[in-house]
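Numbers restart at 1 for each chain; the letters A, B, ... are given by sequence-line order, proteins then strands.
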2 protein chains.
Amino acid sequence: MTTIREIAKMLGVSFSTVSAVINNRQYVSAAMRSRVEKALRDANYQPNSIARSLRLRESRTIGLIVPNLGDPFYSSLMRGAEDYLCSVGYRMIVAESREDWKRQQDYLTSFSGMITDGIILATCGATDEQIATLPDIVRGAPLVYVDRCPLESKGISVSVDNVQAASDATQYLIGLGHERIAIITGPLNVLNASERFKGYKSTLRVHGIPLDRTLVRAGDHTEDSGYWHGSELLGLANRPTAVLGCGLLITLGVLAAIREKRVACPQEISLIGFDDFAWSTLLSPALTMVRQPAAELGAAAAKAVLKRMREPDQNMVDKVLLPTQLMIRESTAPPAQRNPTPK
Amino acid sequence: MTTIREIAKMLGVSFSTVSAVINNRQYVSAAMRSRVEKALRDANYQPNSIARSLRLRESRTIGLIVPNLGDPFYSSLMRGAEDYLCSVGYRMIVAESREDWKRQQDYLTSFSGMITDGIILATCGATDEQIATLPDIVRGAPLVYVDRCPLESKGISVSVDNVQAASDATQYLIGLGHERIAIITGPLNVLNASERFKGYKSTLRVHGIPLDRTLVRAGDHTEDSGYWHGSELLGLANRPTAVLGCGLLITLGVLAAIREKRVACPQEISLIGFDDFAWSTLLSPALTMVRQPAAELGAAAAKAVLKRMREPDQNMVDKVLLPTQLMIRESTAPPAQRNPTPK
DNA sequence: TTGTATGCGTTATCAT
DNA sequence: ATGATAACGCATACAA
């Protein structure tokens, strides 16, 4: 690591002259400028970004924390965010909380300790007490929630209209003639999960279908969770005719269970998943899914942190909602048993 | 952001005393210690990690740069790396080069500017000239290559025995009776791609099968690339009976082409892919794949950087190779046309 | 036009 | 046991 002082010493000039060259101050003589520039090149000088951030109080990098980088939904989301950030001269670094509050907290404090200028967070599930400590953890660092925000979120969040999305999916299944519709939710202390559940419940109610508690399962956004709840659901004496998986991994787990038990999908059971991803159509069967505009969510969140950084109104609250789309494919069909009334 | 000085001022003590408490210096009186500690808690003090790294010349975080975070192979790899790093008290941040040298270089210089203590790099494709500039870019920062290393890599790398792996796959296809075996490689200026191609060629040669240039395609690790090369191969008058996709995304692209053209797999065409991933069995057909131990690769790379940091021998060269495994599933079968000689 | 001094928030050495 | 001071590498206001 060559420093600005070393360069200056080599040239026999003051280090502030070197600094002036680097920062394009106008009043450096042309001769001096080119001498310094040459030395800079020769020594392969790169400014020490740590020292720079300390002095300038900015790093021009944004931190993104997601629960699971193995989930294609977050891959797309982060790509959308990074594309936007790069286009406006920012860098992005990402960390994975692994659905673990401890780890999330660790990265949060690390990021908020001036490593990043702002934070985009898709939170892991958390208790109310944990959530309450969030402000203390980020200590005023610009933060926006994306996709998943805590139940009691004040600040800024960008997500999808989850109750509408879940309602659409449920509605579609009911339209196909389903009445025994199971749901596997994410952790209910996260807003998107509770909203999806709400959309499901209300749509059922509107159609006069009673809520059957044996058909609602709280999962945890892992494939395993989908697999186990799916297996149990399939093993039920009075098996559901359709299941709604409130997350990509959960849904893939359900699909694994369905295939393992050799239950015909969609003939014997319909499956709708959340999030969608690039390879949905390559699965067997191709999955009907609620598509979230993942990249757009990421970009919107990125835009939002940047805005939040410029307007440090601590109490600003803003929720941006993006539309979803039901991608109808091969995993849904009218139920087999009763006479279907397909829409 | 409360600073050490502010705490000191509030307490009317010297800031170096506060620092002494924070850093557990022994010679602080119990009374003073508890007074300071209370103030620290009350103010929700967190050390400024930037200032800390500047002073200590270490950040206890490792940077990982991958070409594509949407590739499940890298998701697993990074998880393996992070698990290991966390277990020994390090953090990990990741950046995505998007197969773009410019972006990779940017993150590389950023990371090497003291933001991270070490770097794990799965490089994007690059020209020899670009590779030659790498040492200047990282400026002595501890670096290890993982999965993908440049053709002329001196340093340390951890990967899989790619020639062996490609050879195994080719061998298996030949054993099934295939002779017209196509290959879609990654960028050939990256070692793993060229090695896989080498393994393919040599195995063909050993069995006296001439290399047909129309069957070898250089792809670029995108699904699109797999899709287009796959489509062309399927459109050939003398169509191959098997194809070897040298990357997960490439292989999924080929599968998309196969399904779109409604070619029966494996009856009319066999497909083997590289990398494997969690949902291979949910695809239709379930894909036969060369499994790389992705998480182990990540962990080994993490271990290697840490070691490299302790032993700053600039010229150390070390290649650790992990074994692969051929996961035989439903996408491979003897060729239809001629009389198969299944092994 | 160039050089000197100061501070960003730490940690660490040395006086007191 | 506590406090003053320097240093990490940089940027900048101000003096020369």
Enquirer: Between the base of dA7(D) and the side chain of R55(B), is there any donor-acceptor pair under 3.5 Å?
Expert: yes
Enquirer: Please check the phosphate of dG9(C) (OP1 and OP2 only) for any side-chain N or O of R57(A) closer than 4.0 Å.
Expert: yes
Enquirer: Please state how far atom CZ in R5(A) lies from atom P in dA6(D), giving the value in whole angstrom units.
Expert: 14 Å
Enquirer: Can you tell me which nucleotide in dG3(D), dG9(D), dT12(D) comes closest to the side chain of T17(B)?
Expert: dG3(D)
Enquirer: Has the side chain of S16(A) got a donor or acceptor atom sitting under 3.5 Å from an opposite partner on the base of dT4(C)?
Expert: yes
Enquirer: A side-chain contact here means heavy atoms from C-beta on lying under 4.5 Å apart; do Y145(A) and L134(A) qualify?
Expert: yes
Enquirer: Using atom CZ of F15(B) as one end and atom C1' of dT10(C) as the other, report the distance to the nearest whole Å.
Expert: 9 Å
Enquirer: Is S19(B) near enough to dT11(C) that one of its side-chain N or O atoms lies under 4.0 angstrom from OP1 or OP2?
Expert: yes
Enquirer: Do any side-chain nitrogens or oxygens of N23(B) fall under 4.0 Å of OP1 or OP2 in dT11(C)?
Expert: yes
Enquirer: Compare all side-chain heavy atoms of P47(A) with those of Y45(A) and state whether any distance is below 4.5 angstrom.
Expert: yes
Enquirer: Mind calculating the distance between CZ (R60(B)) and P (dT10(C)) to the nearest angstrom?
Expert: 19 Å
Enquirer: Find the distance between CD1 (I22(A)) and OG (S16(A)) and round it off to the nearest 0.5 Å.
Expert: 11.0 Å
Enquirer: Rounded to whole Å, how long is the line connecting atom CG of N24(B) with atom C1' of dA12(C)?
Expert: 15 Å
Enquirer: Side chain of V13(A), heavy atoms from C-beta onward: which of dC10(D), dG3(C), dT12(D) has the nearest atom to it?
Expert: dG3(C)
Enquirer: Tell me, do E296(B) and V160(B) make a side-chain contact under 4.5 Å, heavy atoms counted?
Expert: no
Enquirer: Under 4.0 Å, heavy atoms only, any strand: does L54(A) hit a base, just the sugar-phosphate, or nothing?
Expert: base
Enquirer: To the nearest Å, how far apart are L11(A) CG and dG3(C) P?
Expert: 10 Å
Enquirer: Expressed in angstrom and rounded to an integer, what is the separation of E58(B) atom CD from dA12(C) atom P?
Expert: 10 Å
Enquirer: Donor-acceptor check, side chain of R148(A) to backbone of T123(A), threshold 3.5 angstrom: yes or no?
Expert: yes
Enquirer: Can you spot which of M92(B), E96(B), E82(B) makes a side-chain contact (heavy atoms from CB on, under 4.5 Å) with L64(B)?
Expert: M92(B)
Enquirer: Less than 4.0 angstrom between a side-chain N/O of S29(B) and OP1 or OP2 of dT2(D), yes or no?
Expert: yes
Enquirer: Is the distance from OP1 or OP2 of dG3(D) to the nearest side-chain N or O of Y27(B) less than 4.0 Å?
Expert: no
Enquirer: Would you mind reading off the distance between Q46(A) atom CD and dC10(D) atom C1', rounded to a whole angstrom?
Expert: 14 Å
Enquirer: Pick the closest DNA chain C nucleotide for M1(B) and for V28(A) by heavy atoms, then say which residue is nearer the 5' end.
Expert: V28(A)
Enquirer: With sugar-phosphate meaning primed atoms plus P, OP1 and OP2, does M114(B) contact a base, only sugar-phosphate, or nothing at under 4.0 Å between heavy atoms?
Expert: nothing
Enquirer: Check every atom of dG3(C), dT5(D), dA11(D) against the side chain of L56(A) and return the nucleotide holding the closest atom.
Expert: dA11(D)
Enquirer: Do any side-chain nitrogens or oxygens of R52(B) fall under 4.0 Å of OP1 or OP2 in dG9(C)?
Expert: no
Enquirer: How many whole angstroms separate atom CD1 of I22(B) from atom P of dG9(C)?
Expert: 13 Å
